[in-house]
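None of the values given here were measured: they were computed from a predicted structure.
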Amino acid sequence: MDAYDEGSRARHLPDGPDGSLPEGPASTDPAPDSTPSTDQESTDQESAPQQPASQAPTAQAPAPQAPTADPPVPTPTPTPTGIASLPLRSQIVAALALAVVAVVACVHLGMVFLHVAPSNTVTKQHGRAIDDWIYPEFEQNWKLFAPNPLQQNIDVQVRAQVRGADGGITETGWYDLSALDGAAIDGNLLPSHTQQNELRRAWDFYIGTHDNENRPVGLRGDLSQRYLRRIVVLRLDREGAGGKGAVVEGVQVRSRTTNVPPPKWSEEKVSDTPVLRELPWWTVPEEDVTDARTEASAG
């Protein structure tokens, strides 16, 4: 006999004829472990907070690969230039030549500095050596910077006694050597140092070492005379003084000085009469004539 406990909440289903559960409509009460309904799931999904799309988990990107290092490019060896490109023996010769040039340049600059510097202990003890180096080619002239610059035109002129082919002695007229130099400079864009300064500096050298009576003053008087004489003999040979085959036996030099006229607006009055200074006749040694012809043929 089956007994039912009325006080129990358990429910006993009636047995079927074969002892199985009876067929019939399903019970309306859900099982305790049944799955929630679709409505309940949709409600839960709506109540759950939505995650932004930007914060949605994404697939992890693959790690970047390290760049492959390029093979080192060989640095080209620079080609040596200048003295370094020469053979060792030529380099030594070139270095010695540069050293000699540098020493000579330094010595020359030192001599010029001592020449133009005020008198001092060095110039007093070695004045002769300084003068031998400077004169006559490197003499310095500061008249341009003097308080009263030179305001005169000085023409150096020369005439000669020449022996012709027949043995007779004749005297030439005056050759204006300064005018010849001026004509060679006019229109010349690059006049030579010789055309501009050789004759003028020779004359300045002479009058600086002689008094008004043409007597030498100091030890350089004879040097300045020989220097001026050789220049005028060379110029006479260049001009063909006395004709073809003539030989210069003697020369006489003079200067013709005229004052530069003042400007029109100036009240200064100067004389326009030329002043002449004639030097005595000089006998020309044979060596001067030979040197003059050698230099003329070489030029």
Side-chain angles (χ1 to χ4, degrees), residues 112-113 115-119 131 134-160 171-218 220-241 250-282 292 299:
V112 173
F113 172 78
H115 174 68
V116 300
S119 179
D131 290 344
I134 294 296
Y135 293 105
E137 287 83 3
F138 306 118
E139 182 185 3
Q140 303 297 308
N141 188 341
W142 301 99
K143 291 182 180 180
L144 178 63
F145 305 98
N148 296 316
L150 189 63
Q151 299 179 357
Q152 295 175 327
N153 289 325
I154 302 176
D155 294 332
V156 179
Q157 302 172 346
V158 62
R159 63 181 177 180
E171 184 177 304
T172 67
W174 289 100
Y175 287 86
D176 194 336
L177 303 182
S178 297
L180 294 174
D181 286 345
I185 293 173
D186 289 344
N188 188 350
L189 297 179
L190 297 173
S192 68
H193 176 75
T194 301
Q195 292 172 331
Q196 298 180 81
N197 299 315
E198 182 184 50
L199 182 63
R200 178 180 60 84
R201 300 302 298 129
W203 178 254
D204 288 344
F205 184 29
Y206 178 84
I207 63 175
T209 56
H210 290 74
D211 59 16
N212 294 331
E213 301 298 328
N214 298 319
R215 293 188 297 259
V217 178
R220 294 177 295 151
D222 182 64
L223 174 63
S224 63
Q225 177 177 324
R226 289 187 287 113
Y227 182 59
L228 180 59
R229 186 183 65 223
R230 291 170 72 93
I231 289 178
V232 298
V233 170
L234 173 63
R235 298 293 298 273
L236 288 171
D237 187 80
R238 188 184 304 170
E239 296 298 326
V251 293
Q252 184 181 27
V253 182
R254 75 177 183 183
S255 65
R256 184 177 184 272
T257 304
T258 56
N259 293 320
V260 176
K264 296 180 180 180
W265 48 263
S266 176
E267 298 180 354
E268 183 181 2
K269 303 296 182 181
V270 296
S271 174
D272 56 357
T273 303
V275 177
L276 300 177
R277 177 176 178 175
E278 291 188 358
L279 307 184
W281 282 92
W282 294 333

Looking at [atom1] of [X] and [atom2] of [Y], how far apart are the two atoms once the value is rounded to the nearest 0.5 Å?
{"X": "Arg201", "Y": "Thr194", "atom1": "CZ", "atom2": "OG1", "value": "13.5 Å"}
{"X": "Leu234", "Y": "Glu198", "atom1": "CG", "atom2": "CD", "value": "7.0 Å"}
{"X": "Leu276", "Y": "Trp174", "atom1": "CG", "atom2": "CH2", "value": "8.5 Å"}
{"X": "Ile185", "Y": "Gln196", "atom1": "CD1", "atom2": "CD", "value": "5.0 Å"}
{"X": "Asn214", "Y": "Ile207", "atom1": "CG", "atom2": "CD1", "value": "10.5 Å"}
{"X": "Trp203", "Y": "Leu279", "atom1": "CH2", "atom2": "CG", "value": "4.0 Å"}

State whether the side chain of [X] and the backbone N or O of [Y] hold a donor-acceptor pair below 3.5 Å, judged by distance alone.
{"X": "Asn188", "Y": "Leu190", "answer": "yes"}
{"X": "Asp155", "Y": "Ser178", "answer": "no"}
{"X": "Gln157", "Y": "Val253", "answer": "no"}

Any side-chain donor near an acceptor of the partner, His193 and Asn197, under 3.5 Å: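 Per modelled atom types, His193 and Asn197 side chains form a pair under 3.5 Å.
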Sequence neighbours left out, what passes ring pair (Phe, Tyr, Trp, His ring centres under 6.0 Å) with Tyr135? Give chain and number order.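 If we apply the ring pair (Phe, Tyr, Trp, His ring centres under 6.0 Å) test to Tyr135, skipping adjacent residues, the hits are His115, Phe205.
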Under the salt bridge (Lys or Arg N to Asp or Glu O under 4.0 Å) definition, can you give me all pairs with a residue in residues 207-217, not counting sequence neighbours?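 Only Asp211-Arg215 qualify under salt bridge (Lys or Arg N to Asp or Glu O under 4.0 Å).
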Can you run down the salt bridge (Lys or Arg N to Asp or Glu O under 4.0 Å) pairs that involve residues 185-195, sequence neighbours left out, and say none if there aren't any?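 Sorted result for residues 185-195: empty, none.
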Salt bridge (charged side-chain N to carboxylate O under 4.0 Å, His left out) partner of Asp181, the single match among Arg238, Arg235, Arg200: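 For Asp181, the salt bridge (charged side-chain N to carboxylate O under 4.0 Å, His left out) test succeeds with only one of Arg238, Arg235, Arg200, which is Arg235.
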Please tell me if the side chains of Arg226 and Trp282 come closer than 4.5 Å, counting only heavy atoms from C-beta onward.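 Sidechains of Trp282 and Arg226: no contact.
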Beyond-backbone contact of Asp272 with Thr258, side-chain heavy atoms, under 4.5 angstrom: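 Side chain of Asp272 against side chain of Thr258, heavy atoms only: no contact under 4.5 Å found.
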Please walk me through it: do Ile134 and Val112 pass side chain to side chain contact (heavy atoms under 4.5 Å, CB included)? CA-CA 7 Å; Ile134 294 296; Val112 173; 3.9 Å; yes
Where [X] and [Y] come nearest, the two heavy atoms and their spacing:
{"X": "Ala184", "Y": "Gln195", "result": "CB-NE2, 3.7 Å"}
{"X": "Pro216", "Y": "Gly221", "result": "CB-CA, 3.8 Å"}
{"X": "Glu268", "Y": "Pro262", "result": "O-CG, 3.3 Å"}
{"X": "Arg159", "Y": "Gly173", "result": "CB-O, 3.4 Å"}

Side chain to side chain contact (heavy atoms under 4.5 Å, CB included) for Val270 and Gln152? Distances and angles first, verdict last. CA-CA 11 Å; Val270 296; Gln152 295 175 327; over 6 Å; no
Would you please test Tyr206 and Arg229 for side chain to side chain contact (heavy atoms under 4.5 Å, CB included) and show each step? CA-CA 10 Å; Tyr206 178 84; Arg229 186 183 65 223; over 6 Å; no
Does the side chain to side chain contact (heavy atoms under 4.5 Å, CB included) test come out yes or no for Glu239 and Tyr175, once each step is laid out? CA-CA 9 Å; Glu239 296 298 326; Tyr175 287 86; 4.1 Å; yes
